Amino acid sequence: MSSVSGGLDRIEAVFDEGILVADAGLLLVGSLVGRLGLGGLIDDTVVPPQAGRGSGAKVLTAVFSMLVGGSFISDADRLRTASTGSVLGFAVAAPSALGTFLRSFAWGHVRRLGRAREPALGRAREAGAAPGADRITVGVGSTMAEVHSGAKGGAAYGHSGRLGCHPLVASRDDTGEIVHARMRRGSSQRGHVRFVAETVNRARRLAPGAGLALRADAGFFSWDLIDKLKAHDTRFLIAVASNPKIDRVIAAIDDRDWTPTGYTDDGEAQVAETELTSARRPKDKPAHTARLVVRRTRLVGPQADLFPHWRHHTSDTDAETLDTKAADAAYRSHARVELAAGDLKAGGLAHSPSASFTANAAWLACAALAHNIARWTARIGQVHDPRKLTVAATTARRLLTVPGRLVNRSSRPTLRLPAQWPRADTFTTALQHTRNLPQRC
């Protein structure tokens, strides 16, 4: 279309079109959610007081709003514009009803909503959203969603000195799916062993017969956790925070035992390994001797004065089949859970909407479901190279936020989308793959 004669000031804006669809690409997500039967699954699992059979529609209202960039409860109004609701497959809840619904959650309802993610993951796997594997790796970590009011339920100051909510997150390395997520009050380490045990049990149910490995940052390290992982026959790579004992152990490593490894051109890195023995423990718990992998780095050349001394990074592992370099590289892939957590925060978790802790916990569960649905849509629809992790914002920008008009053509509903849309073929192919899936009840 050529430019308007006389300039943009001549264009009049009138909000009176009833057949427009603001985010027409949600047809793709709505088709997938319908095929997987997620609305009915949530209805059967989560019934807070006064929610009745409307739980699925209210949860999906929050989820679909998050998928197109919503981070406030009021953003759900975007789904109620013109004919947008016609491409979703469920009755969109008003923001006021959604807020009331979230505030009605008790902790047990939050837990049930989190558990509903497990059969949802199973259904997605059966539909082809997750590859089969002899061994899977799950990364666990904590993240922070910054808030600006101490009235937000569960908010506390973390090590960075900023106020925020501090949920625990576990994601599968190869798909980026959130396997488990839980809101917590404050930012202490309390409850991390139970969270990891729940994550391990859930991962085993999702991939029966597959070997399991777990990666975690230094905030999770404890001998009690290692006891639990060994009892569950789970391999592990866990960072160890620096302290005087660790410093003494590292200082005792002979210079001849350090091996050069890959690093940037203006720096150098070396790896070595030693043993770490646990401190005195209760009589019913034997002492541990752990394999400690140490990586040290420093700058060289013109920038060496910035960091002239070695900086050390340590991790504990029981991966006997990996040599020192491989064990170090395997731990550094822990960055994948950081990518998943970052994607989660860039989506629905960019904001904690309520003064109620349980409402924020339910919001986290909705954000985790939205995070997973974005990945299932990309993988099942064959949107991009399956070896690459999906970024929800990219999927939304390319496929979901495309505008359209819902019209009748020869008595058939037709969604008319923009000509020359750069991802038109990708969208059409993804929709066809999704519609080829069997319908779940």
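Remember, it's a predicted structure, so these values are computed and weren't measured experimentally.
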Enquirer: For Asn243, is the CG atom crowded, meaning more than 12 foreign heavy atoms sit under 6.0 Å from it?
Expert: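 Yes - once you tally the heavy atoms of other residues, nucleotides and ligands closer than 6.0 Å, there are more than 12.
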Enquirer: Evaluate the criterion side-chain contact (heavy atoms from CB on, under 4.5 Å) for residue pair Val33 and Val63; output intermediate values, then yes/no.
Expert: CA-CA 11 Å; Val33 167; Val63 166; over 6 Å; no
Enquirer: Do the side chain of Thr137 and the main chain of Arg172 share a donor and acceptor less than 3.5 angstrom apart?
Expert: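 The answer is no, because no donor-acceptor pair under 3.5 Å joins these two groups.
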Enquirer: If you compare all heavy atoms of Ala130 against all heavy atoms of Arg379, which two are closest, and at what distance to 0.1 Å?
Expert: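 For Ala130 and Arg379, the tightest heavy-atom pair comes out as N-CD, 3.8 Å.
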Enquirer: With distance as the sole test, does Lys58 use its side chain to make a donor-acceptor pair with the main-chain N or O of Phe101 at under 3.5 Å?
Expert: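 No, Lys58 side chain to Phe101 backbone: no donor-acceptor pair under 3.5 Å.
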Enquirer: List the atom of Ala368, the atom of Arg117, and the distance in Å for their closest heavy-atom pair.
Expert: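 Residues Ala368 and Arg117, closest heavy atoms: CB-NE, 3.7 Å.
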Enquirer: What heavy-atom pair brings Ser71 and Ala350 nearest, and what distance separates the two atoms?
Expert: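 Heavy atoms of Ser71 and Ala350 come nearest at CB-CB, 4.1 Å.
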Enquirer: Around atom NZ of Lys325, are there more than 12 heavy atoms from other residues, nucleotides or ligands closer than 6.0 Å?
Expert: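 Counting neighbours around NZ of Lys325, more than 12 heavy atoms of other residues, nucleotides or ligands fall under 6.0 Å, so yes.
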Enquirer: Using distance alone, with no hydrogens and no angle criterion, decide if Thr358 and Ser356 have a side-chain donor and acceptor under 3.5 Å apart.
Expert: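 There is such a pair between these side chains.
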Enquirer: At their closest point, which heavy atom of Gly141 faces which heavy atom of Asp217, and how far apart are they?
Expert: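 It is CA-OD2, 3.9 Å.
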Enquirer: Is there a side-chain contact between Leu225 and Phe236 (heavy atoms, below 4.5 Å)?
Expert: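 Result no, sub-4.5 Å side-chain heavy-atom pair not found.
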Enquirer: Apply salt bridge (charged side-chain N to carboxylate O under 4.0 Å, His left out) to Asp425 and Arg423, showing your working.
Expert: CA-CA 6 Å; Asp425 291 341; Arg423 302 286 174 172; over 6 Å; no
Enquirer: Without swapping roles, check the side chain of Arg35 against the backbone of Leu437 for a donor-acceptor pair under 3.5 Å.
Expert: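 Yes, Arg35 side chain to Leu437 backbone: donor-acceptor pair under 3.5 Å.
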Enquirer: Which atoms form the tightest heavy-atom contact between Leu102 and Ala362, and what is the distance?
Expert: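 Nearest pair, atom of Leu102 first, then Ala362: CD2-CB, 3.9 Å.
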Enquirer: Can a donor-acceptor pair be found, under 3.5 Å and without considering hydrogens, that links the side chain of Asp316 to the backbone of Leu292?
Expert: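 Not confirmed, Asp316 side chain does not pair with Leu292 backbone.
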Enquirer: Are the side chain of His232 and the backbone of Leu229 linked by a donor-acceptor contact shorter than 3.5 Å?
Expert: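 Side chain of His232 to backbone of Leu229, a donor-acceptor pair under 3.5 Å: no, none is there.
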Enquirer: Does Ser55 use its side chain to pair, donor to acceptor, with the backbone of Val46 at less than 3.5 Å?
Expert: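 Yes; judged by distance alone, with no hydrogens or angles, the pair exists.
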Enquirer: For a side-chain contact (heavy atoms from CB on, under 4.5 Å) check, start with the C-alpha distance between Val240 and Ile246, then their side-chain angles and the critical distance, and finish with the verdict.
Expert: CA-CA 8 Å; Val240 183; Ile246 296 295; 3.7 Å; yes
Enquirer: Taking atom CG of Asn408 as the centre, does the number of heavy atoms from other residues, nucleotides or ligands within less than 6.0 Å exceed 12?
Expert: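 Yes, CG of Asn408 has more than 12 neighbouring heavy atoms, counting only those of other groups under 6.0 Å.
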Enquirer: Would you say the side-chain atoms of Thr84 pair up with the backbone N or O of Ala22, donor to acceptor, closer than 3.5 Å?
Expert: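 Answer holds: yes.
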Enquirer: Could you tell me whether a side-chain N or O of Thr45 sits under 3.5 Å from a main-chain N or O of Ala116, the two making a donor and an acceptor?
Expert: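 The answer is no, because no donor-acceptor pair under 3.5 Å joins these two groups.
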Enquirer: Which atom pair, heavy atoms only, marks the closest approach of Ala156 to Gly186?
Expert: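 Result for this residue pair: CB-CA, 3.5 Å.
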Enquirer: Using only heavy-atom distances, determine whether the side chains of Asp224 and Ser222 contain a donor-acceptor pair under 3.5 Å.
Expert: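 No, Ser222 and Asp224 have no side-chain donor paired with an acceptor closer than 3.5 Å.
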Enquirer: Is any side-chain heavy atom of Leu26 closer than 4.5 Å to a side-chain heavy atom of Leu79?
Expert: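 They are in side-chain contact.
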Enquirer: With Gln432 as reference, evaluate Thr429, Thr428, Thr434, Asn436 under the side chain to side chain donor-acceptor pair (under 3.5 Å) test and give the passing residue.
Expert: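 Of the listed residues Thr429, Thr428, Thr434, Asn436, the side chain to side chain donor-acceptor pair (under 3.5 Å) partner of Gln432 is Asn436.
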Enquirer: Evaluate the side-chain proximity of Thr314 to Ser242: yes if any heavy-atom separation is below 4.5 Å, no if none is.
Expert: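 SC-SC contact between Ser242 and Thr314 ruled out.
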Enquirer: Between Val92 and Thr61, is there a side-chain heavy-atom distance shorter than 4.5 Å?
Expert: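 Yes, their side chains come closer than 4.5 Å.
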Enquirer: Report yes if the side chains of Met144 and Cys165 come closer than 4.5 Å at any heavy-atom pair, otherwise no.
Expert: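 Sidechains of Cys165 and Met144: no contact.
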Enquirer: Taking the side chain as C-beta and beyond, is there a heavy-atom pair between Val337 and Val140 under 4.5 Å?
Expert: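 No, their side chains stay 4.5 Å or more apart.
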Enquirer: Give me the ring orientation class for His192 and Phe220: parallel if the planes are under 30° apart, tilted from 30 to 60°, perpendicular past 60°.
Expert: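 If you compare the ring of His192 with that of Phe220, the planes turn out perpendicular.
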Enquirer: Just wondering, do His148 and Arg162 contact through their side chains at under 4.5 Å, heavy atoms?
Expert: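 A side-chain contact is absent here, since even the closest heavy-atom pair is not under 4.5 Å.
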Enquirer: Does some side-chain heavy atom of Arg311 sit less than 4.5 Å from a side-chain heavy atom of Arg296?
Expert: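 Of all side-chain heavy-atom pairs linking Arg311 with Arg296, none is under 4.5 Å.
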Enquirer: For atom CG of Asp134, is the number of surrounding heavy atoms from other residues, nucleotides or ligands below 6.0 Å larger than 12?
Expert: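 No, the 6.0 Å shell around CG holds no more than 12 heavy atoms from other groups.
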Enquirer: Ignoring hydrogens and angles, tell me if any N or O in the side chain of Arg295 forms a donor-acceptor pair with the backbone of His312 under 3.5 Å.
Expert: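 No: the side chain of Arg295 does not pair with the backbone of His312.
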Enquirer: Are the side chain of Thr414 and the backbone N or O of Arg416 linked by a donor-acceptor pair below 3.5 Å?
Expert: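 Between the backbone of Arg416 and the side chain of Thr414 there is no qualifying donor-acceptor contact (under 3.5 Å).
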Enquirer: Ring centroid separation for Phe105 and Trp107, is it under 6.0 angstrom?
Expert: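 Ring centroids of Phe105 and Trp107 are no less than 6.0 Å from each other.
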